[in-house]
Amino acid sequence: MKQTPAHHVVNQELLALIPDGAQRVVEIGCMLGAMAQAWRGAHPRAEYVGVDIDPDYARAAAEHCTQAFAGDVERLEPAVFDSLFPSDCWIFGDCLEHLRDPWTLLRRIRERIDPQGCLLTCIPNAQHWSVQWRLASGQFRYEDNGLMDRTHIRWFTRITMLEMFAAAGWKVEQGLTRNLPASPLQEGVLAGIRSMAQASGFDPETAVRDALPFQYVFKLVPA
């Protein structure tokens, strides 16, 4: 299956979380190298390694990275995986949900990353009100990108994201949300989510708050 269509958009929230002193950044799912181009434009001496499962994307990213190659990060040969260290910043922008076992990969990186290193990730919210609406209406159809991207393998909510990080040995140093402009459907669906939470014995305000973010962005450090 072809991967998510490539784009040149830089996730500015992720970019802002890369430490100024990072010496060797590893980006998984680097696409065309837009993040590398933006980062290295301001930090030309830093090393930046891009990895993408799509060979065409990796070839394009090589123009902006100090090193870029195509590969499935979960199936890299041990020597290739080892070559990604030492490193002090790993980036997974809209990538963990495409992996078979992100829990194990995060644990492997945690065991090898520099002690003062960090891991940055942006993850779509499976609890978003639009996903809940699709489920409730039976309109749960895959699309080429977005929350319903057909290449997503894993689905996470805020709670299960935090559980995954803790299980893999990471703690959240910083977190923020990315939201979409309000839709005409939004308020009505949120009212339904509030009612469903009340009927189920959950806090309705938490249910509504967790249904608003389109994506979560985290900076993780070793626990």
Side-chain angles (χ1 to χ4, degrees), residues 1-11 14-15 17-19 22-41 43-44 46-114 117-124 142 144-146 149-156 161 164-165 167-170 215 217-220 222:
M1 182 183 297
K2 190 66 175 176
Q3 298 303 301
T4 303
H7 56 74
H8 294 279
V9 178
V10 175
N11 185 322
L14 274 182
L15 179 64
L17 289 176
I18 303 176
Q23 297 297 307
R24 192 166 193 241
V25 178
V26 178
E27 183 185 2
I28 306 301
C30 62
M31 283 199 165
L32 304 180
M35 183 78 75
Q37 182 179 20
W39 172 252
R40 295 195 66 232
H43 304 81
E47 287 190 65
Y48 200 108
V49 182
V51 183
D52 202 284
I53 199 169
D54 189 304
D56 294 334
Y57 296 174
R59 278 193 289 271
E63 180 180 348
H64 307 296
C65 301
T66 52
Q67 178 189 0
F69 63 90
D72 180 341
V73 68
E74 294 184 278
R75 293 178 173 171
L76 294 178
E77 293 293 329
V80 177
F81 187 77
D82 290 346
S83 73
L84 299 175
F85 300 92
S87 46
D88 52 6
C89 180
W90 282 61
I91 303 175
F92 288 85
D94 298 299
C95 181
L96 291 177
E97 65 275 11
H98 296 263
L99 304 181
R100 293 171 291 275
D101 187 359
W103 299 269
T104 294
L105 180 60
L106 290 181
R107 191 176 302 113
R108 290 179 67 195
I109 297 170
R110 165 67 182 82
E111 293 169 352
R112 299 288 305 278
I113 198 168
D114 291 4
C118 65
L119 187 146
L120 314 179
T121 182
C122 179
I123 307 176
Y142 291 108
D144 290 335
N145 50 46
D149 190 321
R150 67 185 75 256
T151 63
H152 288 180
I153 298 175
R154 300 295 183 181
W155 300 81
F156 297 98
M161 292 175 202
M164 173 173 63
F165 302 151
W170 297 92
Q215 296 167 315
V217 176
F218 293 101
K219 179 181 180 181
L220 310 174

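- Contact of the V217 side chain with the L17 side chain is registered, since non-hydrogen atoms from C-beta on lie closer than 4.5 Å.
- Between A70 and P55, the shortest heavy-atom contact is CB-CA, 3.7 Å.
- Side-chain atoms of F165 and T121, non-hydrogen and from C-beta on, do get closer than 4.5 Å to each other.
- Nearest heavy atom pair, residue P86 against residue D114, reads CB-OD1, 3.7 Å.
- Taking every heavy atom of both residues into account, G117 and P222 meet most closely at O-CD, 3.3 Å.
- The side chain to side chain donor-acceptor pair (under 3.5 Å) analysis of residues 77-91, with sequence neighbours excluded, yields the pairs D82-R112, S87-W90.
- By the ring-ring contact (aromatic ring centres under 6.0 Å, His included) test, F69 is found to be paired with no residue, residues two or more places apart in sequence or in another chain being considered.
- Closest approach of K219 to P19, counting heavy atoms only: NZ-CG, 4.3 Å.
- Paired with Y48 under the rule side-chain hydrogen bond (donor to acceptor under 3.5 Å, both in side chains), one option of H64, H43, E27 passes, and it is E27.
- In this structure, SG on C89 lies 7.5 Å from CG on L119, to the nearest 0.5 angstrom.
- In summary, of the residues considered (N11, L120, V25), a side chain to side chain contact (heavy atoms under 4.5 Å, CB included) with M35 occurs for N11 alone.
- Every side-chain contact (heavy atoms from CB on, under 4.5 Å) that A38 has, sequence neighbours left out, goes to V10, L15.
- Using a 4.0 Å cut-off between charged nitrogen and carboxylate oxygen, D54 and R59 do not count as a salt-bridge pair.
- Evaluation of the side-chain contact (heavy atoms from CB on, under 4.5 Å) rule for A167 yields no partner, not counting sequence neighbours.
- Between T66 and R40, the closest side-chain pair of non-hydrogen atoms falls below 4.5 Å.
- Side chain of D52 to main chain of A58: no donor-acceptor pair is present (N/O by atom type, distance under 3.5 Å, no hydrogens or angles).
- Every side-chain hydrogen bond (donor to acceptor under 3.5 Å, both in side chains) that D94 has, sequence neighbours left out, goes to Q215.
- Residues D72 and R100 meet the side-chain proximity criterion, which asks for heavy atoms closer than 4.5 Å.
- Looking only at side-chain heavy atoms (C-beta outward), L99 and I153 stay at 4.5 Å or farther from each other.
- The two atoms that bring C118 and I113 nearest to each other are O-CD1, 3.3 Å, heavy atoms only.
- Taking a cutoff of 4.0 Å between a charged side-chain nitrogen and a carboxylate oxygen, E97 and R154 do not qualify as a salt bridge.
- Atoms CZ and CD, from F81 and E74 in turn, are 10.5 Å apart once rounded to the nearest 0.5 Å.
- Rounding to the nearest 0.5 Å gives a distance of 11.5 Å between CE of M161 and CG of L220.
- Applying the side-chain hydrogen bond (donor to acceptor under 3.5 Å, both in side chains) rule to R24 yields the partners E47; only residues at least two apart in sequence or on another chain are considered.
- A61 and C30 get closest at one heavy-atom pair: CB-SG, 3.7 Å.
- For E63, there are no salt bridge (charged side-chain N to carboxylate O under 4.0 Å, His left out) partners two or more places apart in sequence or in a different chain.
- When the side-chain hydrogen bond (donor to acceptor under 3.5 Å, both in side chains) test is applied to W39, no partner is found at least two apart in sequence or on another chain.
- Put simply, the side chain of I91 reaches to within 4.5 Å of the side chain of I18, judged on heavy atoms.
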Residues 102-109, side-chain donor-acceptor partners within the protein, below 3.5 Å, at least two apart:
| from | atom 1 | to | atom 2 | distance (Å) |
| --- | --- | --- | --- | --- |
| T104 | OG1 | D101 | OD1 | 3.4 |
| T104 | OG1 | D101 | OD2 | 2.6 |

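- Relative orientation of the W155 and Y142 rings is tilted, given thresholds of 30° and 60° on the angle between their planes.
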